[in-house]
Chemist: 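One structure is given below, represented as structure tokens, and several questions about it will come after.
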Protein chains: 2
Amino acid sequence: MTPSLEQLPDEQAQAARFQQARDARNAATAQDYVELISDLIATTGEARSVDVAKRLGVSHATVVKTVNRLQKEGLINTKPYRGLFLTDVGENLATESRHRHQVVTNLLIALGVDEETAQADAEGIEHHISAQTLATFESYLQGHRS
Amino acid sequence: MTPSLEQLPDEQAQAARFQQARDARNAATAQDYVELISDLIATTGEARSVDVAKRLGVSHATVVKTVNRLQKEGLINTKPYRGLFLTDVGENLATESRHRHQVVTNLLIALGVDEETAQADAEGIEHHISAQTLATFESYLQGHRS
DNA sequence: TGTAAATTGTAGCCAAGGCTGTAAAATAAA
DNA sequence: TTTATTTTACAGCCTTGGCTACAATTTACA
Ligand SMILES: [Mn+2]
Ligand SMILES: [Mn+2]
Ligand SMILES: [Mn+2]
Ligand SMILES: [Mn+2]
């Protein structure tokens, strides 16, 4: 059993941790969208908002609204009735996000989590992995090549 | 380098993963609040909303509003001007959350992530750890007792 | 005791990310 | 070429979780 905390962390340090978690949470949507759009284009040739909606499990109206925001933020381009495209910035974010997603998934599997659970948990965990933790995961996987 | 995806996962399966991540995101606030309140009570004898606000790094108005919601949901009790308390349900959630938080932190440290980075990343990761992944982390730590 | 400081509460605002319902446009089929 | 289906767009609503500003209450202290 895990014992109760003996001492609280420093107040400012703790606030900074919570802030980092909130920032990561807020960045998660953009990461999921660009990663998914990139994957759809790579495998099917195009990314229609209908398909994005189905794969995210949200309504198409939600996708349209979010895509509009991400377009204003410079991650996505749209050609009306011709699907979604990524800007260079969006494509870079997608590449980075997909890599991190894959590393997290592989680490969970390497530790013994089964495939589908790993996939599901990684979908949320990935957004909270710092550069240092990512590097640590990568070198662990490096040393445990099957 | 991580290669591009060769094939997309099944549509329903992928939607279910995103849904799980959204559910976890939505449950995160309650977990952070009850864990923090429990820790404050354990170490300082009481949990004042002012202190919760300072440690979360948000305004006290935000805390008051969120506490009201969590009270309606049956996790927290308040004695006006006498601080915050946990219901039995809240205390159980706090215990479970603190344990999971600790396991995640310990795993990151065991893999080589430094203390402060582990603390920060764990603050977000913890909310996306399923029962199976938690068990896997625990047995990894079991086998790597320093 | 009376006043200052700290704490708590309330009101009203905002953005993100959900939703449904309806309309329009494009594509597919008859 | 109509007509039906699919896709996209838009309007309006909701909840969560942020914020500031101001009011009320309690606690501390001079
Ligand atoms: Mn991802
Ligand atoms: Mn994700
Ligand atoms: Mn926690
Ligand atoms: Mn947390």
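Naming convention: chains lettered A, B, ... in sequence-line order (proteins, then strands); numbering from 1 in each chain. Just so it is clear, the structure is predicted and the values come from calculations on it, not from any experiment.
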Chemist: Closest nucleotide of DNA chain C for A:His60 versus for A:Arg25: which of these residues is on the 5' side?
Modeler: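 The residue mapped nearer the 5' terminus is A:Arg25.
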Chemist: Under a criterion of less than 4.0 angstrom to any heavy atom of chain A, what are the 5'-terminal and 3'-terminal contacting nucleotides of DNA chain D?
Modeler: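 First and last nucleotides in contact are D:dT7 to D:dG18.
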Chemist: For atom CG of B:Asp10, decide whether the heavy atoms of other residues, nucleotides or ligands shown that lie under 6.0 angstrom number more than 12.
Modeler: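 Yes, because the 6.0 Å sphere around CG of B:Asp10 holds more than 12 heavy atoms from other groups.
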Chemist: On DNA chain D, nearest-nucleotide positions of B:Arg69 versus B:Ala61: which is more 5'?
Modeler: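 Mapping each residue to its closest nucleotide by heavy atoms, the 5'-most match is B:Arg69.
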Chemist: Do you know the tightest heavy-atom contact between A:Arg100 and A:Leu134?
Modeler: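 Of all heavy-atom pairs spanning A:Arg100 and A:Leu134, the closest is CG-CD1, 3.9 Å.
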Chemist: Please work out if A:Ser59 contacts a base, only the sugar-phosphate, or nothing of the nucleic acid, heavy-atom cut-off 4.0 Å.
Modeler: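 It contacts base atoms.
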Chemist: Between A:Asp51 and A:Arg22, which is nearer to the 5' end of DNA chain D once each is assigned its nearest nucleotide?
Modeler: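 Final value for this comparison: A:Asp51.
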Chemist: Which pair of non-hydrogen atoms, one from A:Thr117 and one from B:Ser130, has the smallest distance, and what is that distance?
Modeler: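 That would be CG2-OG, 3.3 Å.
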Chemist: So does A:Thr62 get a side-chain nitrogen or oxygen closer than 4.0 Å to the phosphate oxygens (OP1/OP2) of C:dG17?
Modeler: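 Answer no for this pair, as no side-chain N or O of A:Thr62 is under 4.0 Å from OP1 or OP2.
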Chemist: For A:His128, check ring-ring contact (aromatic ring centres under 6.0 Å, His included) against everything at least two apart and list the hits.
Modeler: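 For A:His128 the ring-ring contact (aromatic ring centres under 6.0 Å, His included) partners, ignoring immediate neighbours, are B:His128.
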Chemist: How many whole angstroms separate atom NZ of B:Lys65 from atom C1' of C:dG9?
Modeler: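 Distance check: B:Lys65 NZ to C:dG9 C1' gives 13 Å.
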Chemist: With sequence neighbours left out, what residues match A:Phe85 under side chain to side chain contact (heavy atoms under 4.5 Å, CB included)?
Modeler: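 Scan of A:Phe85 (side chain to side chain contact (heavy atoms under 4.5 Å, CB included), adjacent residues dropped) gives A:Asn77, A:Lys79.
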Chemist: Nearest to the side chain of B:Val50, heavy atoms from C-beta on, is which of C:dT7, C:dG17, C:dG9?
Modeler: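 Of all the options, the side chain of B:Val50 is nearest to C:dT7.
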Chemist: One pair to check against side-chain hydrogen bond (donor to acceptor under 3.5 Å, both in side chains): A:Thr95 and A:Asn92. What are the steps and the verdict?
Modeler: CA-CA 5 Å; A:Thr95 301; A:Asn92 287 341; 5.4 Å; no
Chemist: From the list C:dC19, C:dA16, C:dA26, which nucleotide is the closest neighbour of the side chain of A:Tyr81?
Modeler: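 Of C:dC19, C:dA16, C:dA26, C:dA26 is nearest to the side chain of A:Tyr81.
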Chemist: Might you point out which heavy atoms bring A:Val63 and A:Ser49 nearest each other, and give the distance in Å?
Modeler: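 Shortest heavy-atom separation between A:Val63 and A:Ser49 comes out as CG1-CB, 3.8 Å.
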Chemist: Any side-chain N or O of B:Arg48 less than 4.0 Å from the OP1 or OP2 oxygen of C:dG9?
Modeler: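 Negative; the distance criterion is not met.
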Chemist: Within the structure, does a side-chain N or O atom of A:Arg82 lie under 4.0 Å from either OP1 or OP2 of C:dT27?
Modeler: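 Affirmative; the distance criterion is met.
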Chemist: Give A:Val58 one of three labels, base, sugar-phosphate or nothing, depending on what nucleic acid heavy atoms sit under 4.0 Å from its own.
Modeler: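 If one applies the 4.0 Å heavy-atom cut-off, A:Val58 turns out to touch the sugar-phosphate alone, with no base involved.
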